[in-house]
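Quick note: numbers below take in every heavy atom, side chains included, and nothing from hydrogens, waters or symmetry partners.
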Amino acid sequence: MSDGAPFTHHDIDAILRFYRDAGVDEPLAAEPVDRFGLIPAQNMQATRPAPSAPKTPPTPITAAPVAKAVVPDETVFAEAQQRAASATNLDGLRAALEAFDGCNLKHTARNLAFEGGMRTADIMLVGGAASRDDDETGVPFSGLDGILLRNMFAAIGIDAATQTYQAMCVPWAPPGGGPPTPLHLKLCAPFIARQIALARPKCLVLLGNVAARHMLSETKRTILQLRGQWLAQDFGSGETTILVMHDPDFLRRQPSAKRQTWFDLLALQKRLTSA
């Protein structure tokens, strides 16, 4: 179609198709139509939304109280000593630990991994600090560490569940499963020493570098110099025979060290047999 030329049937058909495709469903009149005027007033009133009721202000959410962090000082250390010394049995010692708020690990851990195994066993196993698995169960040497530990002692005919008593230098798991700090170890030292004294094992097996150096007050020698030796120390109930071994977590990461641990297990078996 050129300018000024009349519309052809083809042009009109194309325009109508355009309107249809654009969604136009009524022809346009020359005069505008007041569509609102065609609606009765009562219908207009009905179509208006009813005024909404005033909103009730939301109830403020109160956060759970967060335990205040403790800055350990001599008073806190003295409290740990006093609480541990006052325990006359293992149940009392557990209650003393649960009531002690001086170690900040208590406020981030889920559970206190106080003990495992059998209290009356001749062998007591002590590790460094509770792991993330221990934190879930509340029992030392849980998860893969526990499986390996049971297999280690089963190899020399000892059922770890019924023939060993298990504990940790630090019974609360450090965040992220990392090692305990010297401060954590110092705060928990009176409790693990008292736990050994109350359990009165015939043989104490210290598992891992942290437990060995801490319990033996070693500042120079590492587990590589300490393992495989028979040592002795008094934790408050007479001299206790001690053997140092690698801990299960280290053995899982360093399988080549299992050979050393096998010799240590054989030495333990021979000692128990001769005794």
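- The side-chain contact (heavy atoms from CB on, under 4.5 Å) with Met124 is formed by just one residue from the set Thr240, Leu204, Leu206; it is Leu204.
- Ala130 and Ala113 get closest at one heavy-atom pair: CB-CB, 4.0 Å.
- One finds no salt bridge joining Asp91 and Arg94 here, because no Lys/Arg side-chain nitrogen approaches an Asp/Glu carboxylate oxygen to under 4.0 Å.
- Val126 and Trp230 end up in different hydrophobic clusters when Ile, Leu, Val, Met, Phe, Trp and Tyr side chains are linked at under 4.5 Å.
- A continuous path of Ile, Leu, Val, Met, Phe, Trp and Tyr side chains, each step under 4.5 Å between heavy atoms, connects Val210 with Phe191, placing both in one hydrophobic cluster.
- Considering every non-hydrogen atom in both Pro248 and Leu148, the closest pair reads O-CD2, 3.5 Å.
- Ser274 and Arg271 make their closest contact through OG-O, 2.9 Å (heavy atoms, listed as atom of the first residue, atom of the second, distance).
- Residue Leu231 holds its CG atom at 12.5 Å from CE of Met215, rounded to the nearest 0.5 Å.
- Judged purely by atom type and a 3.5 angstrom limit, Asp134 has no side-chain atom pairing as donor or acceptor with the backbone of Gly138.
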Test side chain to side chain contact (heavy atoms under 4.5 Å, CB included) on Trp262 and Ile156 and set out the steps.
CA-CA 9 Å; Trp262 173 241; Ile156 58 171; 4.0 Å; yes
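- One distance of note links CG of Leu207 with CG of Asn209; it measures 12.0 Å at 0.5 Å rounding.
- Here the side chain of Gln166 pairs a donor or acceptor atom with the backbone of Ala160 at under 3.5 angstrom.
- Contact annotation: the side chain of Ile196 never approaches that of Tyr165 to less than 4.5 Å [non-hydrogen atoms, C-beta and beyond].
- Judged purely by atom type and a 3.5 angstrom limit, Asp135 uses its side chain to pair as donor or acceptor with the backbone of Asn111.
- Side chains of Asp264 and Thr261: a donor-acceptor N/O pair is absent below 3.5 angstrom, by distance only.
- The backbone N or O of Thr181 sits less than 3.5 Å from a side-chain atom of His184, completing a donor-acceptor pair.
- For Arg110, the CZ atom sits in a loose shell: 12 or fewer heavy atoms of surrounding residues, nucleotides or ligands are nearer than 6.0 Å.
- Leu265 and Ile242 fall into different hydrophobic clusters, defined by Ile, Leu, Val, Met, Phe, Trp and Tyr side-chain heavy atoms under 4.5 Å apart, directly or through other members.
- Between Gln254 and His246, every side-chain heavy-atom pair lies at or beyond the 4.5 Å cut-off.
- Between Asp145 and the options Arg132, Arg253, Arg252, a salt bridge (charged side-chain N to carboxylate O under 4.0 Å, His left out) holds for only Arg252.
- Looking only at distances, no side-chain donor or acceptor of Gln163 sits under 3.5 Å from a matching main-chain atom of Phe153.
- Residues Ala212 and Val244 come closest through the heavy atom pair CB-CG1, 3.7 Å.
- Transitive grouping of hydrophobic side chains (ILVMFWY, heavy atoms separated by less than 4.5 Å) keeps Leu243 and Leu216 in distinct clusters.
- Formation of a donor-acceptor pair under 3.5 Å by the Glu136 side chain with backbone atoms of Asp133 is not found in this model.
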Verdict with supporting geometry, Cys203 and Leu268, side chain to side chain contact (heavy atoms under 4.5 Å, CB included):
CA-CA 9 Å; Cys203 181; Leu268 175 63; 3.7 Å; yes
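- In this structure the side chain of Lys202 never reaches within 4.5 angstrom of the side chain of Thr241, judged on heavy atoms.
- A donor-acceptor pair under 3.5 Å is formed between the side chain of Arg194 and the backbone N or O of Ala87.
- Counting heavy atoms from C-beta on, the side chains of Leu105 and Pro175 come closer than 4.5 Å.
- Distance CD/Glu115 to CG/Leu90: 6.0 Å, rounded to 0.5 Å.
- The minimum heavy-atom distance linking Phe100 with Trp172 is given by the pair O-CH2, 4.3 Å.
- Listed here is the closest heavy atom pair of Gly208 and Ile223: C-CD1, 3.5 Å.
- Two residues are said to be in side-chain contact when any heavy atoms from C-beta on lie closer than 4.5 Å; Leu272 and Ile123 meet this criterion.
- The closest side-chain heavy-atom distance from Met245 to Met152 is below 4.5 Å.
- The NZ atom of Lys186 lies 13.0 Å from the SG atom of Cys103; values are rounded to the nearest 0.5 Å.
- In this structure, Asn151 contributes its side chain and Ile147 its backbone to a donor-acceptor pair below 3.5 Å.
- No path of Ile, Leu, Val, Met, Phe, Trp and Tyr side chains, each step under 4.5 Å between heavy atoms, connects Leu149 with Val170, placing them in separate hydrophobic clusters.
- Atoms CZ and CG, on Arg259 and Leu251 in that order, are 14.5 Å from each other to the nearest 0.5 Å.
- Between Gln195 atom CD and Cys188 atom SG the span is 11.0 Å, to the nearest 0.5 Å.
- Gln260 has its side chain out of reach of Phe263: every pair of non-hydrogen atoms, C-beta onward, lies at least 4.5 Å apart.
- Contact annotation: the side chain of Leu97 approaches that of Pro171 to within less than 4.5 Å [non-hydrogen atoms, C-beta and beyond].
- For Arg150 (side chain) and Asp159 (main-chain N/O), no donor-acceptor pair under 3.5 Å exists by modelled atom type.
- Glu98 contributes no side-chain N or O that, together with a main-chain N or O of Leu112, makes up a donor-acceptor pair within less than 3.5 Å.
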